[in-house]
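To keep things clear, I will list the structure first and then write my remarks on it.
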Amino acid sequence: MIRINITEAKNHLSKYLRRVKEGETIILCERNVPIAEIRPLEPEGRQLRPIGLDKGRFTVPASFFEPLPDWLLDAFEGKKSE
C-alpha cells in the first residue's frame, strides 16, 4: 500500500492505475492527510446463463397468441379509437 498526494496522482495517473490493476492499494492524500482509497475491484465472474433456465416454471397461455383487440392496436399506433 502506498500513499500519494493528489498532485502526484494527477501527474502520474496512468502509472498508479497500472499498479492498482496489478493488485496494489493506494491511499490518496490531501496535504498528507488520507482522504480516499483506490483499490482494484473484484472480477465480476460472469458466466453464461444456461438455456432453459426457467423451463417448467411458467406456461404461456393460448390467449397470448390470439390477435390483439382493435382498440389496443390503435393505441400502439397512436390512433384514437371510437
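- Surrounding NZ of Lys15 are more than 12 heavy atoms belonging to other residues, nucleotides or ligands, all under 6.0 Å away.
- Taken to the nearest 0.5 Å, the CD1 atom of Ile38 stands 12.0 Å off from the CZ atom of Arg19.
- Pairs of residues two or more places apart, or lying in two chains, that qualify as side-chain hydrogen bond (donor to acceptor under 3.5 Å, both in side chains) and include a residue from residues 30-40 are Asn5-Asn32, Glu37-Arg39.
- Rounded to the nearest 0.5 Å, atoms NZ (Lys10) and CD1 (Ile4) are 12.0 Å apart.
- No donor-acceptor contact under 3.5 angstrom links the side chains of Glu24 and Tyr16, judged on distance only.
- Follow the hydrophobic side-chain contacts under 4.5 Å out from Leu13 and you never reach Ile6; the two are in separate clusters.
- Under the side-chain hydrogen bond (donor to acceptor under 3.5 Å, both in side chains) criterion, Arg3 pairs with no residue, sequence neighbours left out.
- Considering all non-hydrogen atoms of both residues, Gly23 and Pro40 come closest at CA-CG, 3.8 Å.
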For this session: Check the pair Thr25, Val20 against side-chain contact (heavy atoms from CB on, under 4.5 Å), reporting the backbone distance first and the verdict last.
Result: CA-CA 6 Å; Thr25 299; Val20 168; over 6 Å; no
For this session: Could you give me the CA-CA distance, side-chain angles and deciding distance for Ile2 and Ile27, then say whether side-chain contact (heavy atoms from CB on, under 4.5 Å) is met?
Result: CA-CA 6 Å; Ile2 60 170; Ile27 302 295; over 6 Å; no
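- Atoms CG and CZ, on Asp54 and Arg49 in that order, are 7.0 Å from each other to the nearest 0.5 Å.
- Distance check, rounded to the nearest 0.5 Å: CG of Leu17 to CD of Glu22 gives 11.5 Å.
- Under the 4.5 Å side-chain heavy-atom criterion for Ile, Leu, Val, Met, Phe, Trp and Tyr, Met1 and Ile26 are members of distinct hydrophobic clusters.
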